[in-house]
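What follows is one structure encoded as structure tokens, with my remarks underneath.
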Amino acid sequence: MSATPSPAGRSRLAASLETLNPEQRRAVEQTDGPVLILAGAGSGKTRVLTHKIAFLTERRGVPGRDILAMTFTKKAAEEMRTRIRELTGGEDGIWIGTFHSVFARILRTEAPLVGYHRDFVIYDKEDQERLVKQLIEKLGHSAKQVPPRMVASLISRSKNGLVSPQEFRSSNPGPMNAVTAEVFEEYQAALVANQAFDYDDLITVPIRLFREHPSVLEKYRRRFRYILVDEYQDTNRAQYRLVVDLSLGHRNLCVVGDDDQSIYGWRGADIRNILDFEQDFPETAVFRLEQNYRSTGNILKAAGSVVDKNLRRKAKTLWSAREAGEKVDVIEVEDEREEARRVVECIRDEVFRNKRNFRDFAVLYRTNAQSRAVEDGLRRAGISYVIVGGVRFYERKEIKDVLAYLKVITNPRDDLSLRRIVNFPIRGIGDTTLQKISAWAAERNLGLFESLGRVEEIPDIPGRAGKNMRAFHELIRKYAALKDEISAGELVHAVVDEIGLIAMFKDDTTPEGRGRIENLREFLNAAHEYTQTAEDATLSGFLEQIALITDIDRADLNSSAVTLMTVHCAKGLEFPVVAVVGLEDGLFPLIRDADGADDLEEERRLFYVALTRAKEKVILLHGRNRYVFNSRSGRIPSRFLDELDGSAVNVVREEPKRQVKRWSRFQDGDGNGYGYGTGESGFGRPRSPWDSDDFDDSPRPGAGRSGGRRPAHSPFQHGTRVGHEEYGRGTVLSVEGEGPRQTCLVRFDDGVEKKFLLRFARLERIQ
DNA sequence: CGGATTTAACTTTTT
DNA sequence: GTTAAATCCG
């Protein structure tokens, strides 16, 4: 932990400092006092941060342990750590982590001061909503009239804005808010009783800790002589308070951000934090990084012309020394299906002509629901892809069930998790029995777990249920005793074995069943890996790491696959080629109801983020119609497209296809296009796009396996063997109807009969 | 009590 | 079009 610079590190840093531009260099060398770095997209913000930290340790002799650097994702934290090591040749002891992980760590240490035990657990959004729902019902309201989701989000918003239940009650009139205030209070009490923190607590409880224990605040103030914050524009009021609290000792606070990339307002991020920084710290040194090293001139011009329409922003102009490059393509298509086809076309073309790899491409969308159409298109073209986001791994049911066991083992006071598993696997402990136990527990002010250990004393419990409860209680106790004896990996393994989870899904041969087993295996691997890599591998440490992981952290962007994700997810990343789909009014910008102008500005920033991910090429697509929510509707192009600087844009408009033509395209696409079968969840089958002689979705005559337009009859007939992703293999019994309404009756080998609309069915011919 | 079937809600973005 | 929750029946 010494700050002795290695000679190799010193020269490496010296050489690297030479490559910074003058403004970057000044920002790095301004180490003391408050510093605000306004760093435009692609302006080398991470370079400045890492060089600054290396500069502090190597040139100023600051010990690593005096430095605290905070990011929003684990991935960003890890990247920063790696790059600092490269510069310094191994300086360590620096606190680099996400906001949530840094303060979770501090809370672990100081837990007793805020009424918690060290083995607290962390509740995610689902846990949070379940608990809120329980409380709504406990207080005699119906979850139908008082939606738990809404209450939970009001509570969360209040906490992020540092509003107490009492303050909430007095400033929000109305019966609904009265219930919310009531639940809010109970919710906080329940968290303490369960020895759990929600995400918001990880920020707000330390604020309280510091206020109530000035000596503790003093300790951390003294310790963190230098504090650096990445993605500062995403901080909410509570985080801001915390950062300021910690900095007021040495006042060496350096924040890096870009107001144009503030896209988390809905989560409480407060753009005032960046716009007003200089008022909060009048002696602030401000640096503007305006040279973009990422994108070509046209991309930057397009992006700048859009964000320029925003009124609430710090004026700045990004410029690039790179060539103008290609113009940004704006492509109008019929619908999401053709949209996907055009994306595929672009990818094949770029791979072929410019020798690009699949990993060079990202397809970005506003909402996760849009991924399906793109996936279908890529799968049919045999292009492998990776989806980032969507249903998150650690939120899957099978994983959360195991997690609930682990949470109860580390912290038996976690009633919420206990409820989840007390009858999973089925132990004959149903609602009625559980009701009796909770009533009994509530009377005596006991936790559920403790009550389970005293079933004999509870009246009216059926003998069988009582026996099972005792066994369950024993099981948890056994592992609770073991948790410090064996590794987290071994423990997780033993628990999964004992409750027979894998065996439970074994007979389930559907893709979901196989996926579940695969997920469980991956989870076990994660536990073992944690055991091997973590310095101090405890079960609660493992649980904490999981609770704070983000989806982008798990993504492997190095595999040879196209990346699909939301624009939010893409922040901080870059790709040579970016396709943005669904640029239609109401979808991007997404409008739920007529909201204020601030929301539109955030949508515009989001579009700016999307554009600035690209290094060399951008295509923007919008459809004339699309399935949105429950119906297909006509769409008009996004207003953002009109805002693009015309000189940087190339508009491609395809004439609407004649009905008959479109229909023949469907025939081709579905007759043999589907059925590449994924096999792997989330991944398309890796194939070259051009080696496929049966991929062709276009209406060109002379293309496709059948040597031209498919005749108007179905490729299926009585007796044809077919496969289906979900139902497995089967035999066609009959084909009925004509044209787009043609249907096909299939009997699957397990006896199930299903009728499909051929136009949509994912049936493939098999031998 | 448990399993199967039906029904409702969901779709903004996530630490 | 999917998935979780509610309801019904054995």
Query raised in the report: Heavy atoms under 4.0 Å, any strand shown: does Lys125(A) hit a base, just sugar-phosphate, or nothing?
Result: base
Report task. Using whole Å, report how far CZ of Phe72(A) lies from C1' of dT13(B). Result -> 15 Å
Atom pairs, N/O to N/O, protein against nucleotides 2-8 of chain B, distance under 3.5 Å?
from	atom 1	to	atom 2	distance (Å)
dG2(B)	OP1	Gly428(A)	N	2.6
dG2(B)	OP2	Asn423(A)	ND2	3.2

Query - Flag for Gln128(A)-Glu126(A): side-chain donor and acceptor within less than 3.5 Å - result: no
**Report entry** Whole-Å distance separating the CD atom of Glu129(A) from the P atom of dA5(C)
**Finding:** 11 Å
Query raised in the report: Looking at Tyr116(A) versus Phe197(A), is the centre-to-centre ring distance below 6.0 Å?
Result: yes
Query raised in the report: NA contact type, Thr433(A), heavy-atom cut-off 4.0 Å: base, sugar-phosphate, or nothing?
Result: sugar-phosphate
Requested in this report: Just jot down the side-chain contact (heavy atoms from CB on, under 4.5 Å) partners of Ser540(A), sequence neighbours excluded, or say none.
Outcome: Arg108(A), Asp119(A), Thr410(A), Thr538(A)
**Report entry** Nearest listed nucleotide, side chain of Glu603(A), among dT15(B), dT14(B), dT12(B)
**Finding:** dT12(B)
Report summary line: Taken to the nearest whole Å, CG/Leu434(A) to C1'/dC1(B) is 13 Å
Query raised in the report: For Ala369(A) and Thr566(A), take the nucleotide of DNA chain B holding the closest heavy atom to each; which residue's nucleotide lies nearer the 5' end?
Result: Ala369(A)
**Report entry** No-H, no-angle donor-acceptor pair, Arg267(A) side chain to dT13(B) base, under 3.5 Å
**Finding:** no
Query - Separation between the P atoms of dT13(B) and dA4(C), rounded to whole Å - result: 16 Å
Report summary line: In whole angstroms, the gap separating P of dT11(B) from CZ of Phe588(A) amounts to 19 Å
**Report entry** Residues Asp401(A), Lys397(A): salt bridge by 4.0 Å N-O rule
**Finding:** yes
Report summary line: Whole-Å distance, Leu364(A) CG to dT12(B) C1', equals 15 Å
Report task. Classify the nucleic acid contact of Lys133(A) as base, sugar-phosphate or nothing, counting any heavy atom under 4.0 Å across all strands shown. Result -> sugar-phosphate
**Report entry** Polar contact flag, side-chain donor to acceptor under 3.5 angstrom, Thr367(A)-Gln370(A)
**Finding:** yes
Report summary line: With the side chain defined as heavy atoms from C-beta on, Tyr199(A) is closest, among dT14(B), dT15(B), dT12(B), to dT15(B)
Query raised in the report: So Tyr187(A) and Asp198(A), side chain to side chain donor-acceptor pair (under 3.5 Å) or not? Walk me through it.
Result: CA-CA 10 Å; Tyr187(A) 173 77; Asp198(A) 64 17; 2.7 Å; yes
Report task. Show your working on side chain to side chain donor-acceptor pair (under 3.5 Å) between Tyr123(A) and Asp201(A) and close with a plain yes or no. Result -> CA-CA 10 Å; Tyr123(A) 281 176; Asp201(A) 284 339; over 6 Å; no
Query - Atom-pair distance (NZ on Lys159(A); C1' on dT15(B)), nearest Å - result: 14 Å
